[in-house]
Amino acid sequence: MITKLLVANRGEIARRVFATCRALGVATVAVHSDADADAPFVADADQAVRLPGDTPAETYLRIDAILDAARRSGADAVHPGYGFLAENAGFAAAVTDAGLTWVGPSAKAIAAMGDKMAAKALLADAGVPMLPTWTDPAEVTAFPVLVKAAAGGGGRGMRIVSDAAGLAEAVAGARREAAAAFGDGTVFIERYVERGRHVEVQVFGDTHGTVVALGVRDCSIQRRHQKIVEEAPGVLPDDVRAALHEAAVAAGRAVDYVGAGTVEFLLAPDGQVHFLEMNTRLQVEHPVTELTTGLDLVRLQLLVAEGEPLPVTTTPPADGHAIEVRLCAEDPAQGFRPATGTLHRFAIPGVAAEFGPARGLRLDSGVVDGSTVSVHYDSMLAKLVAWAPTRAEAARALAGALARAELHGVATNRDLLVRVLRSAEFTAVDLDTGFLGRHPEVFAPLLPAEQLPVAALAAALSGAAARRAAAPVLAGLPSGWRNVPSFPQVTRFTGPGDEEIEVRYRLDRTGNLAEWGRKGPLLTDPVEEGAPVNTELPVVELVTATPDRVLLDVDGVRRAFRVHRVGSSVFVDGPDGAASLTELPRLPVPTAELAAGSLLAPLPGAVTRVHVEVGQRVAAGDLLLTLEAMKLEHPVLAPADGVVTELPVPAGGQVETGAVLAVVDPEEDPQ
């Protein structure tokens, strides 16, 4: 029987495993990099051991260090989580060779399914339909194709290629990304099916010969080939569901599978099912299966690892519907560029449970208020899951909770997730892996641009209230009030896209809002010829204003705004969306002027390749260099036609946010 479990992972999956261990009375051990020393998952464990390593991510790939941590802490079992070494057969073998209990499938099964080409051959012999697959780019006979990493998963190393001209570069890029993520740069090429749905079956096996399917999940909503919305049960015809269950169980039995695993399939528009791969670990999206079956999959993992038989031997009926979203630190409007920084506030209303069963909202989070989102790891912050009796109710509840969440300090994909869940196509189950590419409307922020001035006004009024509250004398006077009205109060912010927003307002002697405007004269002032006119702004009355809450009557509708200030950053959450603003100083501080055409690093990382030379003429959109950060490659493209005049960072160089990567001068003439 397991008495002390070490989780060889980090973040929300470590916290998830620890939660079940606490319920079962199993002691827990965390391992961590220096960067994670103060992370929530470390605090959740009974004991913690620091791992050495040259980089934070590398520490979790040190098999010798993890086994030493188990020895020093007295752990008698190891759970790999997902990612890092979770599907490393050598790690599984090393754990068992050390006399520890491995919470997962056998090293043999991991090796069999980890070699994706061998797995395809094995299951093809069993009659499971396969897509055309190649290992040699020269042998590819049809396009489009998908280049995939042979090791690991999570979309790492995937590239869609539409013609032969782009294949070599896609293969090279996929190899680099796979090597960085999994330590193995092997890739293969597979026929790409357009408008296909990504569906998967949760399977479980025990040491007594039982392999059972626990239902089908639909994971078709993806970005960068990574899932961001998952649901169970997948909405499918009964015959397709039965065929998927049968094929998944056959895959498990073919390798004497023990523990939790996922068999993934592509469902073509014609209804044909194609095997993709088998992931020999617990999946990120396992909570939707837990909420619709009532099973704790981590508990089952521990029981099976102890040699107990599975308590279920047939597929349980689905109870209700569950939908999960992956809340990530990234900017969808910038090609899902990862974001870093301090998460000043992370609050989601209405959560019924964390890391466990919930009739309502469940939150599995790796972060809390004050957490640092670094460049070293994947961008996922948390998973929010909604269970309800019906799919429509689950989607509505999940979208509502996300829309009301306070997520301050780091850009997230929250608005995109809300729009996806509320879209007519999602409601109608019109889903496939190309969903986001066909629906650019879901990339729009929740807060309409025309409502941004009112949010900025709320920010300005909350700031005035804060200054009044802190005033040592005459705190009862309205901010900026004068006996004879003259100039208004002026507060300047930068908002989305670094747009400058100037708010002008005046309060009367009772503290009411006498008038207000934006980037121009007040509504009551005469309008000079050519000046911006504010007649399109709504009529606003101030109801109350405190440093953290402003209540406004906007065109006869009362609206509450929650305001959170951290230094010059102001976060405004209103009924129609959120705004992240930066208050500008009244007297700007002089700064060094950058050369025209300077391209700056959007986040810390390493320049992996430089594709151009100084003096080379480039066209808008040309690839200049590649920046690697958060386990992904980020292309840096020429913003306009011009000549490359500076390349200050060589290949292999490390950069911080804001560093100049290149300068493209549109005026330079190479002649």
Side-chain angles (χ1 to χ4, degrees), residues 4-18 21 27-75 78-86 88 91 94-95 152 154 156 177 179-183 328-330 338-344 346 365-382 409-410 601-608 627-632 652-659:
K4 184 181 289 187
L5 179 73
L6 181 148
V7 176
N9 218 294
R10 63 176 302 279
E12 56 84 26
I13 183 54
R15 300 187 77 195
R16 164 70 191 92
V17 176
F18 293 155
C21 287
T28 55
V29 181
V31 291
H32 65 87
S33 66
D34 289 338
D36 282 336
D38 298 320
F41 78 93
V42 176
D44 281 359
D46 297 316
Q47 297 174 270
V49 180
R50 173 189 174 273
L51 295 180
D54 293 334
T55 65
E58 184 198 45
T59 61
Y60 298 98
L61 299 175
R62 289 279 305 273
I63 294 176
D64 59 335
I66 292 171
L67 293 179
D68 181 63
R71 179 189 59 79
R72 287 193 284 153
S73 63
V78 174
H79 191 299
Y82 40 67
F84 294 119
L85 294 169
N88 186 303
F91 182 43
V95 169
R156 302 286 190 239
E177 196 169 293
F182 313 118
C328 300
E330 61 189 20
T340 59
T342 300
L343 197 59
H344 299 299
F346 185 80
S365 171
V367 296
V368 295
D369 286 1
S371 289
T372 298
V373 181
S374 75
V375 72
H376 305 298
Y377 310 112
D378 184 89
S379 64
M380 190 174 76
L381 302 174
V410 177
L603 69 170
V607 173
T608 54
L627 183 70
E628 183 182 294
M630 298 183 92
K631 299 185 181 179
L632 294 173
Q654 297 284 331
V655 295
E656 295 297 324
T657 302

* Hey, does Pro40 have a side-chain heavy atom less than 4.5 Å from the side chain of Ser371? -> yes
* Structure fact -> Rounded to the nearest 0.5 angstrom, the CZ-CZ distance for Phe84 and Arg10 is 6.0 Å
* Asked: Closest approach of Ala69 and Val31, non-hydrogen atoms and distance?
  -> CB-CG1, 3.8 Å
* Structure fact -> The reported gap from CG in Asp378 to CD in Glu330 (rounded to nearest 0.5 angstrom) is 8.5 Å
* Donor-acceptor pair, side chain of Thr342 and main chain of His344, under 3.5 angstrom -> no
* Structure fact -> Between Val42 and Ala30 the two heavy atoms that sit nearest each other are CA-CB, 4.2 Å
* To do: Using the side-chain contact (heavy atoms from CB on, under 4.5 Å) rule, pick out the option among Val368, Asp369, Val410 that qualifies with Phe346.
  => Asp369
* Which heavy-atom pair separates His32 from Ala37 by the least distance, and what is that distance? -> ND1-CA, 3.6 Å
* To do: Could you check if a side-chain atom of Val7 sits within less than 4.5 angstrom of a side-chain atom of Thr28, using non-hydrogen atoms only?
  => no
* Asked: Among Ile66, Asp36, Asp34, which residue meets the side-chain contact (heavy atoms from CB on, under 4.5 Å) test with Leu51?
  -> Ile66
* Quick check: are there more than 12 heavy atoms from other residues, nucleotides or ligands sitting under 6.0 Å from CG of Asp64? -> yes
* **Pairwise distance CD1(Ile63) to CZ(Phe91) - rounded to 0.5 angstrom** => 6.5 Å
* Measure from the side-chain N and O atoms of Ser374 to the backbone N and O of His376, and report whether any donor-acceptor pair falls under 3.5 Å. => yes
* Asked: Within a strict 4.5 Å, meaning less than it, do heavy atoms of the Val373 and Leu381 side chains meet?
  -> yes
* Asked: Mind checking whether Ser33 and Tyr377 have side chains closer than 4.5 Å, heavy atoms only?
  -> yes
* **Straight-line distance of Met380 CE to Ile13 CD1, nearest 0.5 Å** => 8.5 Å
* **Set of side chain to side chain contact (heavy atoms under 4.5 Å, CB included) partners for Ala75, sequence neighbours left out** => Lys4, Leu6, Val29, Ala70, Ser73
* Distance from Asn9 atom CG to Arg15 atom CZ, nearest 0.5 Å? -> 14.0 Å
* Structure fact -> Between Ala601 and Val655 the two heavy atoms that sit nearest each other are CB-CG2, 3.9 Å
* **Euclidean distance, Asp46 CG relative to Cys21 SG, rounded to 0.5 Å** => 9.0 Å
* What pair of heavy atoms forms the shortest contact from Val607 to Leu627, and how long is it? -> N-CD1, 4.0 Å
